[in-house]
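Only one structure is covered here, and it is reproduced in the block below.
By convention here, the first residue in the shown sequence is residue 1. Counting convention: from 1, in listed order, for ligands and their atoms alike. Values in this document were obtained by computation on a predicted structure and should not be read as measured data.
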Amino acid sequence: MTNNIYSTICPGCNFGCGLYIRENEKLEVNFRKSSPSNAGKLCRFGMSLPRFYTPVKSAVDGKEVTLEEAAKEANRKISAGNVAFLSFGNTISEELLVFQKLAGSSLYTGVDFEALPKDTYQTVSVGVPYSDIESSKHIVLFIDPYEQYPLVVRRLLSAKNKGAKISSVWWKYLPIADENIRPAEISKLQLTKDSLVIADFHPLSDIEQVKSILSLAKNAGAKITFLKPFANSTGAYILSRDVKQKSLRQLVEDIDKGTIKTLFCLESDPLEFIPQETLGKLSCIITQAGRASAITAKANIVITHEPMYRKKGTLINNEGRAQALGGEGTNGIEALGIIAGNKFDFNVLHESVKKALGVAAIDEFTIPAYERPAYGAIQAAPKQAEAKTMLVSVPNPFMWSGLADDNDFVELNLNTVRTLKLLKGGLVKIKSNGASVEKKFKVSPVQDNLLLTGKKFGIEKGILTPVEVSR
Ligand code: SF4
């Protein structure tokens, strides 16, 4: 950090885009051209970081307290047992190591590794270098890169300029693709050993779909890479490789069964993804965070430390590239130490992170050598669409972080607009399981009878939700 300028990494997804944040009266984002992940370019979310980093104070039951007081209160609650420890990543690896120790067998990373064959763990955790995307001959997209991981688009364009063919298996026509295949027509997809499959992996992933994509790549001998929506989720998975980690689905089940009464979230906000009636069964929500969000507004105990750009520590991006944050703060580790009743030394933790990566120093210009073991044959049973009309969630950085965005509409195609007799400038009514919302709509080249959204409406049942729509 020099003159209040921090060299940091965007927390909007796991792409690992480097940037500078300058602390003036207001925060300012500046480009860091030397960053090997993004060469200074940022997406709309990266440019919105001053809004993302809204400060928040430590509090217990709404009363402002010091970090130490909040952490001591958290220690008391956690000592009573029945606690789930949830982190999607979203913070430095050194802090995640302490969190893991604290959690023991109650670590929830939100993703469903338990449902995947063990030998796929490394493939799912660590993606391929971005240079591999640029040098691919054939790229197959199971994501919408523009909406979900915008900086990958530059790599795709570079590959295309070198002659790569891009195939998309998606619900919407993607202009970057040479071949657009509907998900229901996946049998049309031709993969070879020269193909690179790009999918994603997150708490809402349909695990049968993940298995099916892994299987397609395996059978063709193609490369595969999974992008992820949380900064340092790759770090979280590498560090948790040998411990049992539980999914969001498991968390909801455990709260519903009554075996979890206290939820401790580290820099992670799952509230939009947990049903209200399940949340109501918790007796205490604890959050440790460096910014305000829905969970800091709802939690009984808020432990506030510095925002991520002020932290010292290591993030690992989707390629497995280790990136050092340029701050000096270690309050997050101190707070976890108070909760654990143990003092943790940053340098010792940092050495453990380097050891886990097999590197002598953190150097963002060199990707550590990861083993990429082959995985065996996989049986998958992806679900077929069970309803005529579906709402498709396309999670993006704004949605995952709960940051307000102006894209408050659903996308549907002209046929659907005509069939429903929707009025220009009007609303579409979307019903699911007795709940309904009315939303603006935008005409886009999506599949018939589908509504795509990057917003959370509170009526979703995962990525695909059967709905009834009307004017
Ligand atoms: S692509 Fe991801 S990491 Fe890069 S600026 Fe956008 S949200 Fe941030």
* Whether over 12 other heavy atoms sit under 6.0 Å from Lys218 NZ -> yes
* Asked: Are a donor atom and an acceptor atom from the side chains of Glu94 and Thr314 found within less than 3.5 Å of each other?
  -> yes
* To do: Return the set of residues passing side chain to side chain donor-acceptor pair (under 3.5 Å) with Lys455 (not counting sequence neighbours), or none when no residue passes.
  => none
* Do any protein N, O or S atoms sit under 2.8 Å from atom 6 (Fe) of ligand 1, and which ones are they? -> Cys43 SG
* Does any pair with a residue in residues 125-161 pass ring-ring contact (aromatic ring centres under 6.0 Å, His included), and if so which ones, sequence neighbours excluded? -> Phe15-Tyr130
* Any pair counted as side-chain hydrogen bond (donor to acceptor under 3.5 Å, both in side chains), so long as it reaches residues 224-234, sequence neighbours left out -> Asn14-Thr234, Ser93-Asn232, Lys228-Asn318
* Is it the case that Ser240 and Gln100 place a side-chain donor and acceptor less than 3.5 Å from each other? -> yes
